[in-house]
Asks: 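Okay, here's the structure, questions in a sec.
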Amino acid sequence: MDTDPMGADARPPAPARVAIFDTSLRDGEQSPGCSMTAAQKLRFAHALAELGVDTIEAGFPASSRSDLDGCAAIAREVRGAGVATLARCNDGDIDACARALEHAERPRIHVFISTSPLHREHKLGMSRDEVLARAVAGVERARRYVDDVEFSAEDALRTEPDFLVEVCSAAIAAGARTLNIPDTVGYTTPAEIRALFEHLRTHVLDADRAIFSAHCHDDLGLAVANSLAAIEGGARQVECTINGIGERAGNCALEELVMALETRRAWFDATTGVDTRRLVPTSRLLSRLTGMQVQRNKAIVGANAFAHESGIHQHGMLKHRGTYEILRPEAVGWAKSQMIMGRHSGRAALADRLKELGFTLDEAQLNQVFGRFKALTEKKREVFDADLEALAAGLDSGNGIAVGGWRLLRLQVSTGVGEGILPMASVEVCSPDGERHAEAATGDGPVHAIFAALARGTGVHLDVESYHVSSVTTGEDAQGQASLTARIDGEEIAGSATSTDILEASALAWLDIVNRLHRRDAAAARRDSAGETGEAATPGFPTPRPRVATV
Ligand code: KIV
Ligand code: ZN
């Protein structure tokens, strides 16, 4: 018997467990600049499982054959986290989900339909009754395949509350276990969404038989605040993405949500299963895979999140780190000390640190990175984590960046200021088949000239939409990181590269985009030759008659 004089009932209730549903590979991956190959998605799904998320939304199998295959690979290989796939409420989509999830350890089919008046009228052309009937039919069909069915009422935050209650009640009766309430257009506010969750939990029939879930977009910069407020209102699942990637302004950033719950545990009284020390490595891995960098001042995972520059702050930090830090950088996966390696560091120390950063290298790869590391220490006194990542990022597909593709062999640039001076670049590149091409071009500036020469050398035309250079670390000898996006057949593709020379970094970032296209097309060609109906290779790649790239 319990001899506690206060009685068992007097014990404080256990903190609420909030399930983390990561949709980086679905809502995130479908957004501009974030596309990944099936191999990259699989690599990232393993990282999410290691991070400790409860469910990984792997994709939208009905959208393409390659997405179905990518989801199936994740379902087959990833263990430790549930795997969900998305479907509209129609038979074809749901059957494609079932096929993709056949070998999943914990499969979940996620069906959705829009419920708001705006979407009903303008997107679906359906009445309330028709939407309700489709929702029920969708959940019932999904339940024929799996026990774990999630239902989402798209644009829920702009749906009439009485209709939302009706749809949610019907979805539970049809067998849904999770009811997701998306703020599809990032319109709500914390007080409003909290009140909505409270309303749903008290008015939906058999509400206790389902988990209520929040899915907030960041159009007004409120996605994390709204998700936290939804938890206060009773949400026990939050849908989010690493680095907040996602449609338009993105989704609720997983790392911010988890660290808010962790840091303000006494306030929220809620926990997650996430290993917070994996947050920074997972964020970095996503940036490497997609080429989409996070801004320096991004909470938790941005390069400045724990940097103290001003004298007053540094003085405070030296006295007591709590003066200006509410989190320990180590708790989210930053190195204890920023300056960790130098010219005397050995191979074992390098391997250890790279492992902590999420790179598992074989002997040959380690030798390659070690050689580059030693060369870098000749140019730079201090080698930071970001430098090491930049060195390792040029490696194999295990880290998401494939070997092969186009390589830059030589780059020479002449530029200057003054009348009659024309910036000029000459390059020599090596094709994936080993052919060398040397070309030269002039441009409005040195970077423009480099891109024009590369376009000639590779035969690929890129419409560069954005280009920026930032320093990876600090100091005059810092490595520069160049990031580009280009639009190819309507799709935005991002590329990035790092070097102590920003012109070289720019050229490599341009080639990074070309190599991403190359890998995608090679994968499509492999599927075709295996007799599958894969997606067509990128039309026009490589273009036989290159045009001049624009910056
Ligand atoms: O934002 C949204 O409404 C969605 C649903 C498909 C869940 O992503
Ligand atoms: Zn969404």
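The figures here come from the full heavy-atom set of this structure, side chains too, leaving out hydrogens, waters and symmetry mates. Counting starts at 1 for both ligands and their atoms, following the listed order.
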Asks: Strictly by modelled atom types, are T184 and D155 linked by a side-chain donor-acceptor pair under 3.5 Å?
Replies: no

Asks: Flag the pair R144 and E140 as a salt bridge only when some basic side-chain nitrogen lies within less than 4.0 angstrom of an acidic carboxylate oxygen.
Replies: no

Asks: Do F151 and I172 come within less than 4.5 Å of each other through their side chains, counting heavy atoms only?
Replies: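 Counting from C-beta outward, F151 and I172 never come under 4.5 Å.
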
Asks: Just verifying a value: how many Å separate T485 OG1 and I513 CD1, rounded to the nearest 0.5 Å?
Replies: 6.5 Å

Asks: Please work out whether any backbone atom (N, CA, C, O) or any side-chain heavy atom from C-beta onward of E247 is under 4.0 Å from ligand 1, and answer side chain, backbone, both or neither.
Replies: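 Under 4.0 Å from ligand 1, E247 contributes no heavy atoms.
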
Asks: Under 4.0 Å, counting heavy atoms only: does E239 come that close to any atom of ligand 1?
Replies: no

Asks: Is the backbone of D27 close enough, under 3.5 Å, to the side chain of T23 for a donor and an acceptor to pair up by distance?
Replies: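 Checked: pair present.
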
Asks: Atom 4 (C) of ligand 1: which protein heavy atom is closest, and how many Å away?
Replies: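 Residue, atom and distance for the closest contact: H215 NE2, 3.5 Å.
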
Asks: Hey, looking at atom 6 (C) of ligand 1, which of E154, R26, H110 has the closest heavy atom?
Replies: R26

Asks: Applying side chain to side chain contact (heavy atoms under 4.5 Å, CB included) between F44 and each of T282, I74, T290, report the one that passes.
Replies: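 Testing F44 for a side chain to side chain contact (heavy atoms under 4.5 Å, CB included) against T282, I74, T290 leaves exactly one candidate, T282.
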
Asks: Set out, in order, the CA-CA distance, both residues' side-chain angles and the distance that settles side-chain contact (heavy atoms from CB on, under 4.5 Å) for T55 and D148, then state yes or no.
Replies: CA-CA 11 Å; T55 308; D148 189 357; 5.9 Å; no

Asks: In terms of relative ring orientation, are H217 and H215 parallel, tilted or perpendicular, with 30° and 60° separating the classes?
Replies: tilted

Asks: Answer yes or no: does an N/O atom from T184 fall short of 3.5 Å to an N/O atom of ligand 1?
Replies: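 Between T184 and ligand 1 (N or O atoms, distance only) the closest approach is under 3.5 Å.
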
Asks: Does the distance from a Lys or Arg side-chain N to an Asp or Glu carboxylate O, for R120 and E160, drop under 4.0 Å?
Replies: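 Answer for the salt bridge query: yes.
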
Asks: Which ligand 1 atoms are under 4.0 Å away from a heavy-atom of H217?
Replies: 1 (O)

Asks: Please identify which atoms of ligand 1 are closer than 4.0 Å to at least one heavy atom of P182.
Replies: 2 (C), 3 (O)

Asks: Taking the basic N atoms (NZ, or NE/NH1/NH2) and the acidic carboxylate oxygens, is any pair closer than 4.0 Å for R516 and D512?
Replies: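 Counted as a salt bridge, because a side-chain N and a carboxylate O are separated by less than 4.0 Å.
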
Asks: Which atoms of ligand 1 sit under 4.0 Å from any heavy atom of D27?
Replies: 8 (O)

Asks: I need the protein N, O or S atoms closer than 2.8 Å to the Zn ion (ligand 2), given as residue plus atom name.
Replies: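 As for protein N, O or S atoms lying under 2.8 Å from the Zn ion (ligand 2), they are D27 OD2, H215 NE2, H217 NE2.
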
